[in-house]
Amino acid sequence: MKKKSIGISGLAAYLPPYRVWLEDWCNWTGNQWPKTREVIGRSFRVRGPNQSVYTMAATAVMRLITQYDIDPSRVKFLGLGTESSTDNSAGAIIVKGMVDRALIAAGKPPIARSCEVPEFKHACLGGVYGMKGAIRHLALDGAGGQAIVVCADIAEYARGSSGEPTQGAGAIAMLLEEDPKLAEVDLIRAGAASDYRVMDFRKPMLRFCGQDRNETHQVQDFPVFNGKYSTTCYIDETLHALSDMYEKRSLNPIEYMHSLKTVFMHRPYRRMPETGWALAYLFALSSGDAADRAELAAYCYEAGIEPNALLDEMSSKPKVAELASPERLHYEAYPLAMAVFRIFRASRHYRREILDKMALGSDTMLDLGNLYTAALPAWMAAGFEQALDEDRFEVGEEILTLGYGSGDAAEVIPFFMAPDWRAASSKIGFAGAMDHAIDINADQYAALHAGHKAPGLDFLPREEFVIEKVGRSEERQFQDLGIEYYRYVS
Ligand SMILES: CC(C)(COP(=O)([O-])OP(=O)([O-])OC[C@H]1O[C@@H](n2cnc3c(N)ncnc32)[C@H](O)[C@@H]1OP(=O)([O-])[O-])[C@@H](O)C(=O)NCCC(=O)NCCSC(=O)C[C@@](C)(O)CC(=O)[O-]
């Protein structure tokens, strides 16, 4: 049986307008701007008082339907990937309800009545799992239809925590179908990994107890996390997912890495994907030919490390979950490899092998912070748009995507650029979605962060969903406590 070509035909974005410049934030908080610029980025967005993960998701879906002229009655799968949902029962059906009402009000047909509406949760990987679910749907019972997956999140961290400069908010919707216009997503040639990591980054419900949310009803969703340990988990899990893919495809890791021109990864902040890909490169050198091993040995000698000791460490398969204790959280899983990595980072090869492969869209990403599930698709959207401007992809070219979600799990999925990728990329409109921004000051940031109304922000929404009111009734005859009621502002 011939394998069906299924993948992505379109992408659309929504970002809340409220923007914090990290240089300003450094001045407000006494953090170092040179470090923040190098490690984290330039700015991030904050959700507004009338916004939730559902308003952002539904606005991105409306944009996708409009930009790609989708017939909603053909959409039989609407998946929501998020870790910021505020309803523990309903999920994507909320988004469907909002979009249907706005479509009907505009004289258009609603999304199919027979549409499936799952929500996918696994930290930042929920959107990738949603995309895989949609592809499997299109390959089986949903054949011939279309699917939409929307990834939406609000990444908010407690003030004063190490995660605060990595905040962000936004949503990316993707259209999936057979014979995709943008890129085929090849699940058969993908790799996966998962391992329980206790408390690298979690969101236990206990955090909500005692929150007084009377003013805007927004629940504060600050994670319980251990920054350094979370980066160790990211690196280890992405290495395992890559190994799975190499094995499945009988790839020579270093030859494969050299052959790729573009990589998009989960991006919680600027440095994380660079470090992850660079570690993968060093591991790949270790199983390469004599020249590759000589390159690795050169970095080892400069770092004062015996190459054989590094090779032993690389094959040691450390049990990262055993570092999940207060005494061991700061240990490196691969201490020698990390020391060699710092030498490699300063070498002339680093730009060619690491940074150049992540260049597409990466300047735009400096202004996004962490979008959790939407971080990887946002980078793809920004990257495809830049690739179109610079005519960078060949039809059939392989692009590697690497998703990661704390807790943790990773997915490495190859994309192959479709014949129509240029026309499909021209409709993404990512730069336009970024354009709309309102710079906020320290007081406004403090208010929005605390879930209060911000003084002096008189933004009038247009062509987007807002929360009109939040239910308060807990009567025996009628209950709607905490239910958000939405309006599409046309
Ligand atoms: C990531 C941390 C821990 C960093 O927190 P930190 O306190 O900035 O850490 P640091 O002090 O160790 O500094 C980091 C780097 O800055 C460098 N540095 C120092 N000074 C300068 C300077 N002047 N110029 C240039 N660089 C400078 C310093 O050398 C170091 O580089 P290294 O060599 O170790 O790579 C923090 O941002 C954090 O806690 N973030 C939140 C957690 C996070 O994002 N983890 C990422 C992996 S987990 C993940 O991606 C999943 C997630 C978070 O998205 C959630 C989900 O899946 O749902």
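Computed from a predicted structure; not experimentally measured. Heavy atoms only: backbone and side chains are in, while hydrogens, waters and symmetry mates are out. For ligands, and for the atoms within them, numbers begin at 1 and follow the listed sequence.
Counting the atoms of ligand 1 from 1 in the order shown, those under 4.0 Å from a heavy atom of Gly227 are 3 (C), 39 (O). Atoms of ligand 1 lying under 4.0 Å from any heavy atom of Arg342, numbered from 1 in the order shown and given with element: 32 (P), 33 (O), 34 (O). Using a 4.0 Å cut-off to heavy atoms of Gln32, the atoms of ligand 1 that qualify are 23 (N). With ligand atoms numbered from 1 in the order given, ligand 1 contributes 1 (C), 44 (O), 46 (C) to contacts under 4.0 Å with heavy atoms of Tyr269. Ligand-side atoms of ligand 1 in range of Ala123: 56 (C), 57 (O), 58 (O), range being under 4.0 angstrom from any heavy atom. Ligand-side atoms of ligand 1 in range of Gly405: 57 (O), range being under 4.0 angstrom from any heavy atom.
Within 6.0 Å of atom NZ in Lys319, 12 or fewer heavy atoms from other residues, nucleotides or ligands are found, so the atom counts as exposed in its surroundings. Within a 6.0 Å sphere centred on CZ of Arg328, other residues, nucleotides and ligands contribute more than 12 heavy atoms. Counted within 6.0 Å of CZ on Arg202, heavy atoms from surrounding residues, nucleotides or ligands total 12 or fewer; the atom is thus considered open. Atom CG of Asn88 has 12 or fewer neighbouring heavy atoms from other residues, nucleotides or ligands inside a 6.0 Å radius.
Nearest to atom 25 (C) of ligand 1 by heavy-atom distance, out of Glu38, Arg37, Glu83, is Glu38. Among Cys233, Cys124, Gly276, the residue whose heavy atom lies nearest to atom 57 (O) of ligand 1 is Cys124.
Nearest non-hydrogen protein atom to atom 16 (O) of ligand 1 is Val39 CG2, 3.2 Å. Atom 38 (C) of ligand 1 has Ser162 OG, 3.5 Å as its closest protein atom, hydrogens excluded (heavy atom only). In terms of protein heavy-atom proximity, atom 51 (C) of ligand 1 is nearest to Ser406 OG, 3.1 Å. For atom 49 (C) of ligand 1, the closest non-hydrogen atom of the protein is Tyr404 CE2, 3.8 Å. Here the protein heavy atom with the shortest distance to atom 30 (C) of ligand 1 is Arg271 NH1, 4.3 Å. If you check which protein heavy atom lies closest to atom 53 (C) of ligand 1, you get Tyr157 OH, 3.6 Å. Scanning all protein heavy atoms for the shortest distance to atom 43 (C) of ligand 1 gives Ser230 OG, 3.7 Å. Of all protein heavy atoms, the one closest to atom 50 (O) of ligand 1 is Pro268 CG, 3.1 Å.
The backbone and the side chain of Lys35 each have at least one atom closer than 4.0 Å to an atom of ligand 1 (non-hydrogen atoms only). Contacts between Asn370 and ligand 1 below 4.0 angstrom, taking non-hydrogen atoms only, involve the side chain exclusively. In Arg345, the part holding a heavy atom less than 4.0 Å from any atom of ligand 1 is the side chain.
Between Tyr372 and ligand 1, not a single N/O pair is under 3.5 Å apart. Here's the thing with His266: one of its N/O atoms is less than 3.5 angstrom from an N/O atom of ligand 1.
Residues Phe415 and Phe264 keep their aromatic ring centres 6.0 Å or farther apart. For His449 and Phe222, the distance between ring centers is under 6.0 angstrom. Aromatic pair Phe283/Tyr246: ring centres not closer than 6.0 Å. Aromatic ring centres of Phe341 and Tyr334: separated by at least 6.0 Å.
Between atom NZ of residue Lys317 and atom NE2 of residue His240 there is a gap of 5.5 Å, rounded to the nearest 0.5 Å. Within the model, atoms NE2 of His266 and OG1 of Thr373 stand 9.5 Å from one another, a figure rounded to the nearest 0.5 Å.
Leu310 is not listed as a side-chain neighbour of Tyr299, based on a closest heavy-atom distance of 4.5 Å or more.
Between Phe201 and the options Tyr234, Tyr229, Tyr372, a ring-ring contact (aromatic ring centres under 6.0 Å, His included) holds for only Tyr372.
There is a protein heavy atom less than 4.0 angstrom from atom 20 (N) of ligand 1.
Nearest heavy atoms, Asp367 versus Ser43: OD1-OG, 2.8 Å.
Ligand 1 is approached by Thr166 to a heavy-atom distance shorter than 4.0 Å.
If you check the side chains of Asp439 and Trp21, you find a donor sitting under 3.5 Å from an acceptor.
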